[in-house]
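The next block holds one structure in the form of structure tokens; read it before the comments.
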Number of protein chains: 2
Amino acid sequence: MSEPTQDKAQKDKAQRTSAAIVDAALTLFRERGYQGTTMREVAAAAGVSTGNAYYYFRSKEELVQGFYDHLADEHARACAPELARITHFGERLHAVLTEWLRVARPYHAFAGRFFAVAAQPDNPLSPFSPESSGARRTSVGIHADVVAGSDVRPDPQLVEHLPELLWLYHLGMILYWVHDTSPDQARTQDLVARTVPMVDRLVRLSRLRVLRPLTTQAVGLLGALRAR
Amino acid sequence: MSEPTQDKAQKDKAQRTSAAIVDAALTLFRERGYQGTTMREVAAAAGVSTGNAYYYFRSKEELVQGFYDHLADEHARACAPELARITHFGERLHAVLTEWLRVARPYHAFAGRFFAVAAQPDNPLSPFSPESSGARRTSVGIHADVVAGSDVRPDPQLVEHLPELLWLYHLGMILYWVHDTSPDQARTQDLVARTVPMVDRLVRLSRLRVLRPLTTQAVGLLGALRAR
DNA sequence: GTCTATAGTGGGATAGAC
DNA sequence: GTCTATCCCACTATAGAC
């Protein structure tokens, strides 16, 4: 039997190796794109053998999962101070989306490939996969925080689903961002600035009696969508 | 100089070869999936060399374009009799979407890969690419016909953009369909049946004065989205 | 049982003859 | 426009180190 300290040391080493591979991959992807980067190069840059890289990541595409998680963590860290500072719902939402755009900017060039991978339903990366990676929970959690720490009290039947709806809205912005060829993705920033006030207004109006049927219908639809 | 008849004969031959490759690919994709089919097999089944297959299609993914166009044509043919028969706007829209689901059903198993390819912005297949394939124009055209031959007269400022908005709605249904694992994609059929009446109602209400600002805002947004 | 290294295999893609 | 021949690299099998 091996000692716990040894197990721990091995675990640490494994984590460092795994991180080194992801770091190397991200750097190379940024430098020469996804297609232009070979697994041999990634492994060499990380100081491991190709076989070893495949021990940690079963395919080249699975390396993108590393990017996904990395981005979600970085985004969460970037949002924390903003969300501690702002209380206005629309401004909170705007801050979260703006931070995402800032954090993701260096990867825009190969984000198309990333998105293509994520769009495949059978892929664990798919944002719609039932119990997908922690990245989805992280993202929905951020939007739950956006609502919880804000000045709005939406329709009670809506409040439960609002974080997920905001996450879907966020996904829509990402879809547009991926296709955005304007410098520094300025168009997506415009789009966010234009649509956030609409979302803000809709959420605030959701308590109005006249909008109840629409809200109920939308919430029902979301439930039907999610049931599997 | 070669005679015109010779040129024509060559063109015909090229078209036949190209079609043979697409046909072989579609059959093999259906039988053993996208990943499970090799270019060598496709070429062999089409009776040409692999090099020749690459003369017509620069990559395996580009073969999916053939599927895309094939589907759009088949869909247009399937819709024609329905659209000649029905005048109610909601029913026309429902017929178009139902026919799409019927025509696309045999390909559902490998549609995930197809969608992943289409989602890549740099890919000519991307439904958002400025002057993408005829498939997009075919699809928007069908929705223009849905509006033109129907009993609704929507808000004038909306009518110009409505076919494209309906096409976007159709894309949304396809996105859901791709991820739909229920038998015969019954869930997507439910979703269509649920949402078509909502779209129908919205379009009919678009003339109401109270909804004008919202319509204007939405149309303005669409214009901003499309400008490149 | 956890991790690493080496030596393949198969298939996507290309060059250049005809 | 079509072929043959070949390259290159994603991925695998497997042996062995710790």
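Side chains are part of it too, since the values below use all heavy atoms of this structure and drop only hydrogens, waters and symmetry mates. Quick caveat: nothing in here was measured; it's all calculated off a predicted structure. A note on names: the letters A, B, ... follow the listed sequences, proteins ahead of strands, and every chain is numbered from 1.
- Rounded to a whole Å, the CD atom of B:E62 is 14 Å from the C1' atom of C:dG12.
- Cation-pi geometry between B:K60 and B:Y34 is satisfied (NZ or CZ under 6.0 Å from the ring centre, within 45° of the ring normal).
- Atoms OH (A:Y34) and C1' (D:dC9) sit 12 Å apart, rounded to a whole Å.
- Between B:M39 atom CE and D:dT6 atom P the separation is 21 Å, expressed in whole Å.
- The nearest whole Å value for the distance from the CD atom in A:Q15 to the C1' atom in C:dC3 is 14 Å.
- Residue A:R40 places its side chain closer to C:dG8 than to any other of C:dT14, C:dC3, C:dG8.
- Among the nucleotides D:dC3, C:dT2, D:dA10, the one closest to any side-chain atom of A:Y55 is C:dT2.
- Look at CZ on A:R58: it is 16 Å from P on C:dC3, rounded to the nearest Å.
- Using modelled atom types, no side-chain atom of B:R32 and backbone atom of B:T37 make a donor-acceptor pair closer than 3.5 Å.
- When each of C:dT6, D:dC11, C:dG12 is scored by its nearest atom to the side-chain atoms of A:S59, the top-ranked nucleotide is D:dC11.
- By the 30° and 60° cut-offs, the orientation of the rings of A:Y107 relative to A:H70 is perpendicular.
- Dashed line: the shortest gap from a side-chain N or O of B:N52 to OP1 or OP2 of D:dG1 is not under 4.0 Å.
- One interatomic measurement links the two molecules: CD of B:Q35 to P of C:dG10, which rounds to 17 Å at whole-angstrom precision.
- For A:T38, the listed nucleotide lying nearest its side chain is D:dC9; candidates were D:dC9, C:dG11, C:dT4.
- Taking 4.0 angstrom as the limit, B:T50 places none of its side-chain polar atoms (N or O) nearer than this to OP1 or OP2 of C:dG12.
- At the heavy-atom level, B:S18 lies nowhere under 4.0 Å from the strands shown.
- Relative to the side chain of A:A14, the nucleotides C:dC3, D:dC9, D:dG1 differ in distance, and C:dC3 lies closest.
- Between A:W100 and A:I174, some side-chain heavy-atom pair lies under the 4.5 Å cut-off.
- In terms of the salt bridge (charged side-chain N to carboxylate O under 4.0 Å, His left out) criterion, residue partners of B:E99 (sequence neighbours excluded) are, by chain and number, B:R102.
- Distance CZ (A:F57) to C1' (D:dC9): 19 Å, rounded to an integer number of Å.
- For B:K60, taking side-chain heavy atoms from C-beta onward, the closest of the listed nucleotides D:dG1, D:dA10, C:dA13 is C:dA13.
- Taking side-chain N and O atoms only, B:Y54 has no distance below 4.0 Å to OP1 or OP2 of D:dC3.
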